[in-house]
Amino acid sequence: MENYNIALLGCGTVGSGTAKIISEFSAALSERSGKKINISKIVDLRPMAAAKKAGVDISLFVNPKEELSKEEASAAIKEVLADKSIDLVVETIGGDGDYIKNIHESVLKAGKNLVTANKSLLAKTGKSLFETAKENNKSIGFEAAVCGAIPIIKGLTECFTGDDILSVYGIMNGTSNFILSNMSSRGISFEEALKEAQRLGYAEADPSLDINGGDAANKLKILIQMIYGVDARSITIGVNGIDVIKPVDVAFAKQINSVIKLICYAKREGNKLYAAVRPMMLHKDIFLADINGATNAVRLINKYSGENILVGQGAGMEETGSAIVSDIVKIARGDKQRSSIAWQECEIKPFEEHAMNFNIILKSKDMPGVTGAAAKAIGDENVNIFTIGPNFHEGEFAYFSIVTETATLNQINRAVAKMRELKPGAFEKDVKVFPIIK
Ligand SMILES: NC(=O)C1=CN([C@@H]2O[C@H](COP(=O)(O)OP(=O)(O)OC[C@H]3O[C@@H](n4cnc5c(N)ncnc54)[C@H](OP(=O)(O)O)[C@@H]3O)[C@@H](O)[C@H]2O)C=CC1
Ligand SMILES: N[C@@H](CC=O)C(=O)O
């Protein structure tokens, strides 16, 4: 059987999961790909610890000592790129600076296929990297970059090519979903939940990306590029993370039988696309409301086939490793990994112009006329109020929530400005507006 040689750059959480699966599962992988898949070289800053974590022989590491300097690691990577026997390079170092960008380009220019989980770099380089791959007649596998083990990339490029995807939304960051659901189900603090997510290998090296919505936005940009043809480099979307959510918001969500989730959202209307990453309220009857822990879910609404929901683990060592290995098998088999299913390019419009239902959470002085002013301002914007929930009181303040019928964020923002004019000094700065998905 023909050999298919892999090099692994970065053997941390995802890299070691990848190495473990390839070494444990090699017979099945050979049968599935028709080639004997070998890891022939690994580069990591701490070879000894990485070999132990992945359960692979230290001799596979280039310069197999306790610790490598950055210069030694670069020399080791150069050695990999110069090795003509290597067919495919897996990059699981992470980061989106020039260092990693150059590695991606050099891999392709050296005539090797590339598999990566690096969504931040893919979102930043947009179509350009795929153009380099095309020029060099090589493939880029990036299944692991969006929603870990969920086969959304292959789903799109292989299964939904006969359909017109009208909207895509879902839970695409495991860490933030893990934090929100564990705070709610086990009553642990934000900090405790984040620490646990880091220990389990879900969080990014810089966990602020998980919490501030940046990681989720990178994944959404990759999907928008694939489905709607817009180069990820030119996509600007509003991004809000879970760092703003307070217990009172969770309580108001409960009042309308909903939960708060960090949602990546993109909806096409004609050739206009509305997209955002932000915490949204999901009614408990919706399947996605029940997706907890590091599990991710992607919901596609298609013109011809209707609704499809893909669910699975969005992060973790073996979970993400399995997605990397699936790309290796596909590319080793000779299948081209396609970068897109887009058939026309959409124009991204401000999410503020998109009509949805909203839950507005206001904090005000606990005094007469405040709810009336809020209701009047909303009515003046021609927005119908669906319901006003019972208040929560806190000292001299009251929190109250107003659920609207269909409106745009622009209308809601104008109404909030107007209510401040109607009742000067009554409303606190802290206003939250959650889109509702029913
Ligand atoms: N964790 C997850 O669940 C998921 C992660 N991803 C993505 O996968 C990628 C890797 O993430 P993850 O495995 O979690 O990160 P880790 O930090 O666990 O792994 C990165 C590894 O690369 C090593 N490294 C750093 N710099 C170099 C270098 N110059 N040369 C060689 N090795 C180097 C690190 O060594 P050291 O530790 O000594 O710095 C570490 O062992 C990222 O792009 C991430 O966004 C995607 C999906 C899921
Ligand atoms: N940090 C990411 C890892 C996978 O992409 C997450 O938590 O989803």
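First listed ligand is number 1; within each ligand, the first listed atom is number 1.
In terms of protein heavy-atom proximity, atom 48 (C) of ligand 1 is nearest to Thr320 OG1, 3.3 Å. Protein heavy atom in closest approach to atom 3 (O) of ligand 1: Gly316 N, 2.7 Å. Taking atom 38 (O) of ligand 1 as the reference point, the nearest protein heavy-atom neighbour is Arg46 NE, 2.8 Å. Scanning the protein heavy atoms around atom 7 (O) of ligand 2, the nearest turns out to be Thr175 OG1, 2.6 Å. Nearest to atom 10 (C) of ligand 1 among the protein's heavy atoms is Thr92 O, 3.5 Å. Closest to atom 7 (C) of ligand 1 among all protein heavy atoms lies Ala117 O, 3.4 Å. Scanning the protein for heavy atoms near atom 6 (N) of ligand 1, the closest one is Lys119 NZ, 3.5 Å. Among protein heavy atoms, the minimum distance from atom 18 (O) of ligand 1 is reached at Thr13 N, 2.9 Å. For atom 33 (C) of ligand 1, the nearest non-hydrogen atom of the protein is Leu45 CG, 3.7 Å. The closest protein non-hydrogen atom to atom 8 (O) of ligand 2 is Gly174 N, 2.7 Å.
Under the 4.0 angstrom criterion, atom 30 (N) of ligand 1 counts as having a protein heavy-atom contact. Closer than 4.0 Å to atom 15 (O) of ligand 1 lies none of the heavy atoms of the protein.
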Exercise. Would Ser40 and Ile86 count as a side chain to side chain contact (heavy atoms under 4.5 Å, CB included) if you check the C-alpha gap in whole Å, the side-chain angles of each, and the deciding distance to 0.1 Å?
Worked result: CA-CA 8 Å; Ser40 55; Ile86 290 171; 3.7 Å; yes
For this session: Please report the C-alpha distance between Tyr99 and Ser74 in whole Å, then the side-chain angles of each, then the deciding distance to 0.1 Å, and finally whether the side chain to side chain contact (heavy atoms under 4.5 Å, CB included) criterion is met.
Result: CA-CA 9 Å; Tyr99 182 78; Ser74 297; 3.1 Å; yes
For this session: Take Asn118 and Glu91 through the side chain to side chain donor-acceptor pair (under 3.5 Å) test and state the conclusion after the steps.
Result: CA-CA 8 Å; Asn118 193 334; Glu91 181 275 302; 3.2 Å; yes
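Residue contact check: Lys219 has heavy atoms under 4.0 Å from atoms 2 (C), 4 (C), 5 (O), 6 (C), 8 (O) of ligand 2. For ligand 1, the atoms sitting less than 4.0 Å from at least one non-hydrogen atom of Ala315 are 3 (O), numbered in the order shown with element in parentheses. Within ligand 2, the atoms closer than 4.0 Å to a non-hydrogen atom of Glu204 are 1 (N), 2 (C), 3 (C), numbered from 1 in the order shown. Every atom of ligand 1 with a heavy atom of Ala144 under 4.0 Å away is listed here by number and element: 46 (C), 47 (C). Proximity to Gly201 (heavy-atom distance under 4.0 Å) selects the following atoms of ligand 1: 1 (N), 2 (C), 3 (O). Taking every heavy atom of Lys119 and a limit of under 4.0 angstrom, the matching atoms of ligand 2 come to 2 (C), 3 (C), 4 (C), 5 (O). Those atoms of ligand 1 that come under 4.0 Å of a heavy atom in Tyr99, given as number and element, are 29 (N). Residue Glu204 approaches ligand 1 through these ligand atoms, each under 4.0 Å from one of its heavy atoms: 44 (C), 45 (O). Listed by number with element, the atoms of ligand 2 under 4.0 Å from a non-hydrogen atom of Asn173 are 2 (C), 6 (C), 7 (O), 8 (O).
Residue pairs satisfying the side chain to side chain donor-acceptor pair (under 3.5 Å) criterion with at least one member in residues 229-240, sequence neighbours excluded, are listed as follows: Asp231-Arg233.
A salt bridge does not link Glu158 to Lys154: none of the charged nitrogens lies less than 4.0 Å from a carboxylate oxygen. Salt bridge status for Glu72 with Lys65: present, with a side-chain N to carboxylate O gap under 4.0 Å. Asp249 and Lys432 are joined by a salt bridge, as a carboxylate oxygen and a charged side-chain nitrogen come within less than 4.0 angstrom of each other.
Ligand 1 lies less than 4.0 angstrom from a heavy atom belonging to Asp44. Within the structure, ligand 2 lacks Gly148 among the residues with a heavy atom less than 4.0 angstrom away.
Contact annotation: for Asp215 versus ligand 2, heavy atoms closer than 4.0 Å belong to the side chain alone. Contact annotation for Asp210 and ligand 2: only side-chain heavy atoms (C-beta onward) come within less than 4.0 Å of the ligand. Residue Cys11 touches ligand 1 through its backbone alone, judged by heavy-atom distances below 4.0 Å.
Judged by distance alone, the side chain of Ser305 and the main-chain N or O of Asn302 form no donor-acceptor pair under 3.5 Å. Not a single donor-acceptor pair under 3.5 Å links the side chain of Thr161 to the backbone N or O of Thr157. Between the side chain of Thr320 and the main chain of Gly316, a donor-acceptor pair closer than 3.5 Å is present.
Among the atoms of Ala203, none of the N or O lies under 3.5 angstrom from an N or O of ligand 2. Where the criterion is an N or O separation shorter than 3.5 Å, residue side chain and backbone included, Lys70 fails it with respect to ligand 1. The shortest N/O to N/O separation between Ala73 and ligand 1 does not fall below 3.5 Å. Where the criterion is an N or O separation shorter than 3.5 Å, residue side chain and backbone included, Ile77 fails it with respect to ligand 1. For ligand 2, the polar-atom distance check finds an N/O of Tyr202 within less than 3.5 Å of one of the ligand's N/O atoms.
For Lys363, the NZ atom sits in a packed shell: over 12 heavy atoms of surrounding residues, nucleotides or ligands are nearer than 6.0 Å.
In the model, Thr408 has no side-chain atom that pairs as donor or acceptor with a side-chain atom of Asn410 under 3.5 Å. Under the 3.5 Å distance criterion, with hydrogens and angles disregarded, no donor-acceptor pair is assigned to the side chains of Asn413 and Glu352. Looking only at atom types and distance, the side chain of Asp327 has a donor-acceptor partner in the side chain of Gln337 under 3.5 Å away. Using modelled atom types and a 3.5 Å distance limit, the side chains of Asn292 and Lys261 yield a donor-acceptor pair.
Smallest separation of non-hydrogen atoms from Ala266 and Leu220: CB-CD1, 4.2 Å.
If you look at Phe252 and Tyr399, their ring centroids are not closer than 6.0 Å.
Counting heavy atoms only, Val14 comes closest to atom 11 (O) of ligand 1 of the residues Val14, Val43, Leu121. Ranked by closest heavy atom to atom 43 (O) of ligand 1, the top entry among Gly94, Gly321, Gly314, Ala294 is Gly94.
Among the candidates Asp215, Asn177, Leu262, Leu223, the single residue satisfying the side chain to side chain contact (heavy atoms under 4.5 Å, CB included) test with Met172 is Leu223.
When side chains are defined from C-beta on, Val325 counts as touching Ile22, because their heavy atoms get closer than 4.5 Å.
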